[in-house]
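This report concerns only the one structure given below.
Treat the numbers as computed from the prediction; the structure is a model and nothing was measured. In what follows, chains are A, B, ... by sequence order, proteins preceding strands, each numbered from 1.
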Amino acid sequence: MADRYDPREIENRWQARWEDDGLYRAADDDPRPKWYFLTMFPYTSGDLHVGHWYAMAPSDVGVRYRRMRGYNVMYPIGFDSFGLPAENAAIERGIHPKTWTLNNVERMRGQLKTMGSAFDWSREVITCLPEYYKWNQQIFLKMFDKGLAYRAKGAANWCPHCQTTLANEQITSEGTCERCKTLVTKRDLEQWFLRIKDYADELLDHSGLEWPEHVIAMQKNWIGKSAGVEVSFPLERKDLEEKEIRVFTTRPDTIYGVTFMVLAPEHPLVEKLTTRQREEEVQAYVERTRRLSEIERQSTETEKTGVFTGAYCINRVSRKRVPIYIADYALMHYGTGAVMAVPAHDTRDFAFARKYDIPIVTVIAPPGWKDEGLEEAYTEPGVMVNSAQFDGLLSDKGKEAIADYYEQQGWGHRTYNYRIRDWLISRQRYWGTPIPIIYCPKCSIVPVPEKDLPIVLPDDVEFRPTGESPLKFHQGFLNTACPKCGIAATREVDTMDTFVDSSWYQVRYASPHYDVGPADPKAVAKWLPVDQYTGGAEHATMHLLYARFFVKAMRDLGLVEHSEPFIRLFNQGQILGPDGQRMSKSRGNVVAPDEQVEQHGADTFRCYLMFLGPWDQGGPFDVTGISGISRWMNRVWRLVLDNYDATAAKSNPDIEQSIRKATHKTIKRATEDIERFRFNTLLAALMEFTNELSRTNAIEVVGTGAWREALDSLMLLLAPLAPHITEELWARTGHGYSIHNQSWPEWDESLTVEDEITLVVQVNGKVRDKLSVSASITEDRAKEIALASDKVKGALDGRQVAQVIYVPGRLVNVVIR
RNA sequence: GCCGAAGUGGCGGAAUCGGCAGACGCGGCAGUCUCAAAAACUGUUGGGGGGCGACUCCCGUGUGGGUUCGAGUCCCACCUUCGGCACCA
């Protein structure tokens, strides 16, 4: 009898051994094909939770499988360690952000190691250290040189609680801060932007990427490219510098229906166009709009409001005078900030026209239209009417015809518009990468010379959430000399959005200690792009879009040669508390992984997480089921050790053959499942295999070659899932160290096919009999024995057989009338 | 409103192609062991009905239609849940 399975002892021992041996270190000069596997690095929140395990344990299985398939696998890990929580902890508890963060790194590193993952710790990257963020600064400077980073004043999203600006992507659909759920407002500030919009078309192209369709769809939605025409409407007043209003429209076919014009309240023409009589009202409206938060302004529920400016422009084709309004439903940052309003065919314009008694002219006829007024906007395609020479055209054709006409007349041109906006990276906070820019009274914006990098974050800073960067009050940091002319100048005091850090960390892992640039070109050429990336779907439009942009920008800066960071992407689902709600301390439904590991061992905990269901689905985590995995681990332990060394007492070729078949079928199933990351069914297959071996653990098979092959295969197939117990069993059954350097077992296809099959016999689609027949049965013979079955005869009840369907290897269906 | 994913036993879930619905596991029930309990092991377990019984019949994959010899799987309409976007002209 073998001794008891003691996961704690085994796991500690092997983890130490693997670390001492550097078993998982990826060598740059290994000639085998490379495989770069990456799981999203954790933020240094302080504690590893079940979500981390749920994300990382299955990734580790993928890694170990690739290793067994003969790849030179790199699986690095690090810490995303800049960001607000560190600073908030500093303010609340008087700990320095750096201390807080590095303590958390220490703690989380220890917790991560208990998972028994095949991480290559020698490549660890910690983003809050100057060795890393120096390169953020260098890349930023190169972007600045190329015009990819620019400074602009604009209405920035402002979180009053975090006391900083936010990127568009960091605002929830409720208009609140993604981090603290505070209502976001607007502030006019000079800020740094990166030109992600310049890459919009390239970012829309996901060819060559094996990504989940829904993530691609989300990115496409986010970028929001729409085709249309930019057309001009001449102003009635001729005494202004501007002679026309330019608008973007996707519906040029409705241009005869334009009965008013809407400018965004911030539109530069508003001030110039407004007549003296309307001035007061317009100014009041502009003021009111400015005070509204984004959420109030953008709510589709709010009634359309606006005011007339007193000015008119001319609809070139209908020759009509068109009144110009301002309304907050026109957005300054989309298109030209002006809208040609067609109330008959746009729901917003319709509501506005109704409210302010503006004429509604139908120019696209709905089906069966009899020249009557519309009760609501008709936005579907239809036949053009009231549109002079274009009458009778279908609206789709009309779009092209009018676009052509405008282009011929020189009144407009076809173009595209994008929903995505440039990436605002300035943050008025301390714990981030200092933006390497100096403001000189004489030379204005001056980049820090590369030789002066890194601009190091000073430690002795007072954390006062004032809405301005704490760095502004640090005289030693703030004051400097202009690198160009040498006179007294000040530094940029804002820091970079932490998404900058995670936009290229995957590149840094290739050469984490390289000190003459962000990345060693040789190492990058060897390792990048990432072959398989895994992480949560919440990053679909932020991190994943930023990282794609960054790599393309770095390519154009000559820093890397590839264009896409991540070839394959897998999104795991979200793990919830036992109550089906998000795990949170306030709900009291948090499951601590450390406790589970303490109780059941890492192998069991890992496997249980994978057994819950499909990885991309996530779901509630209920600890009660873990005993099933625990019991199974014990069964495997006993099964392997009890009879491994026995010698065959006598042989039974039938049982041996059936064991061999079970083995090869299991290898096949396991391989197919692991390739598709279907760990739940993979585990089910291994359990079935274990059950079958337990049943046949009889005197006739133990000690035979087939028996050994079965147990060896079981250990090897289980090795990626449960690395510790399998390493221990592998050693105890007299194999060499390490099971994690063995080859993945191969299956013999001829051993996976059955000689006997169950032929299902149906009558009118209902199962009436099951017959055990030879797999090589002919169609005629199968039909014959099916019809001969007593049960079929009984079901026929003397009625006429109309047809007999045969599906090879599966069933016979007798159709009767 | 738009885009995307999903609805299967008491529970988590399985079912590459349209072909035995419920694999595997939890929980439950019964049993073995035990003074007893726990643990472990064995058997059983979709619902309903009939038979002493080997058995047998009916119903059943969110709802309603459809295609098909045959539908959890395909098509149409709808309901519910979750995720994303949302005055984008």
Side-chain angles (χ1 to χ4, degrees), chain A residues 172-173 175 212-222 224-226 228 247-251 254 262 264 297-302 304 327-331 333-342 345-349 351-352 379 417-421 537-538 540-541 571 573-574 576 580 608 611-614 616-629 631-632 634-635 638 672 676 678 680-691 694 758-770 791 794 802-816:
Chain A
T172 66
S173 52
E213 278 306 319
H214 69 272
V215 175
I216 294 177
M218 267 193 246
Q219 293 204 340
K220 289 195 164 154
N221 264 331
W222 186 265
K225 180 177 187 171
S226 55
V247 301
F248 174 77
T249 180
T250 56
R251 293 294 305 271
T254 64
V262 186
R297 174 152 175 199
Q298 297 221 338
S299 164
T300 32
E301 254 80 293
T302 18
K304 305 276 166 289
D328 59 10
Y329 79 87
L331 308 170
H333 58 75
Y334 187 81
T336 62
V339 180
M340 61 172 229
V342 185
H345 306 294
D346 181 283
T347 46
R348 297 153 302 175
D349 300 344
F352 194 87
T379 57
N417 248 298
Y418 301 88
R419 206 193 73 104
I420 192 171
R421 291 188 248 173
E538 67 274 19
T541 51
N571 273 321
Q574 202 181 30
L576 305 169
Y608 181 54
F611 189 63
L612 285 175
D616 54 358
Q617 205 176 288
F621 178 85
D622 183 351
V623 286
T624 57
I626 200 167
S627 54
I629 301 290
R631 285 199 273 262
W632 177 57
N634 277 289
R635 284 212 304 278
R638 270 177 277 121
E672 286 166 358
R676 292 181 304 145
R678 300 284 298 221
N680 55 330
T681 49
L682 164 57
L683 280 158
L686 295 182
M687 286 175 181
E688 280 181 66
F689 185 45
T690 313
N691 291 346
S694 301
T758 304
L759 186 71
V760 174
V761 185
Q762 299 180 335
V763 176
N764 280 358
K766 281 189 177 146
V767 180
R768 294 298 167 184
D769 204 359
K770 293 175 190 180
K791 287 171 187 163
Q803 197 186 348
V804 182
I805 311 273
Y806 175 64
V807 182
R810 285 189 188 271
L811 63 69
V812 174
N813 187 14
V814 181
V815 185
I816 56 171

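For Ile805(A), the listed nucleotide lying nearest its side chain is C69(B); candidates were A40(B), C87(B), C69(B). Side-chain proximity of Arg810(A) to the nucleotides C17(B), G12(B), A89(B) is greatest for C17(B). Comparing A15(B), G13(B), C20(B) by their nearest atom to the side chain of Arg678(A) picks out A15(B). You'll find that the side chain of His214(A) is closest to G4(B), out of C88(B), G12(B), G4(B). Here A21(B) is the nucleotide among A21(B), C87(B), G84(B) with the atom lying nearest to any side-chain atom of Val767(A). The side chain of Ala217(A) lies closest to C3(B), out of C69(B), C24(B), C3(B). Side-chain atoms of Glu672(A) lie closest to U16(B) of the nucleotides G19(B), G4(B), U16(B). The listed nucleotides are C3(B), C88(B), A15(B); the one nearest the side chain of Thr681(A) is A15(B).
Taking only side-chain nitrogens and oxygens, Arg631(A) comes nearer than 4.0 Å to OP1 or OP2 of G27(B). Considering only side-chain N and O atoms, Arg768(A) lies under 4.0 angstrom from the phosphate OP1 or OP2 of C57(B). Residue Arg676(A) places no side-chain N or O under 4.0 Å from the OP1 or OP2 atom of U16(B).
Judged by Watson-Crick or G-U wobble contacts below 3.5 Å, the nucleotide G60(B) has no partner. The partner of A5(B) is U81(B), by the rule that a Watson-Crick or G-U pair needs both atom distances under 3.5 Å. Nucleotide U42(B) forms a Watson-Crick or G-U wobble pair with A30(B), both donor-acceptor distances falling under 3.5 Å.
Taking atom C1' on both nucleotides, A77(B) is separated from G10(B) by 33 Å, rounded to a whole Å. Rounded to a whole angstrom, the distance from the C1' atom of U80(B) to that of U63(B) is 10 Å. Straight-line distance between the P atoms of A39(B) and G28(B): roughly 9 Å, to the nearest whole Å. If you take atom P in C78(B) and the same atom in C3(B), they sit 13 Å apart, rounded to whole Å. Spacing between G7(B) and G22(B) at atom C1', rounded to whole Å, works out to 16 Å. Taking atom P on both C17(B) and G83(B), the two are 28 Å apart, rounded to the nearest angstrom.
Neither side chain, His345(A) nor Arg251(A), offers a donor N or O lying under 3.5 Å from an acceptor on the other. Between the side chains of Asn691(A) and Arg635(A), at least one donor N or O sits under 3.5 Å from an acceptor N or O.
Among the protein residues, Lys766(A) comes within range of the sugar-phosphate backbone only, with heavy atoms under 4.0 Å from sugar or phosphate atoms but none that close to a base. Across all strands shown, Asn680(A) has heavy atoms under 4.0 Å from sugar-phosphate atoms exclusively, and none from any base. Asn691(A) comes within 4.0 angstrom of the backbone, heavy atoms only, and of no base. Across all strands, Thr336(A) comes closer than 4.0 Å to no nucleic acid atom at all (heavy-atom distances). Gln617(A) comes within 4.0 angstrom of sugar-phosphate atoms only, judged by non-hydrogen atoms across all strands, and of no base. Using a 4.0 Å heavy-atom criterion, one finds that Pro614(A) contacts the sugar-phosphate atoms exclusively.
Not a single salt bridge (Lys or Arg N to Asp or Glu O under 4.0 Å) links Arg768(A) to another residue, sequence neighbours left out.
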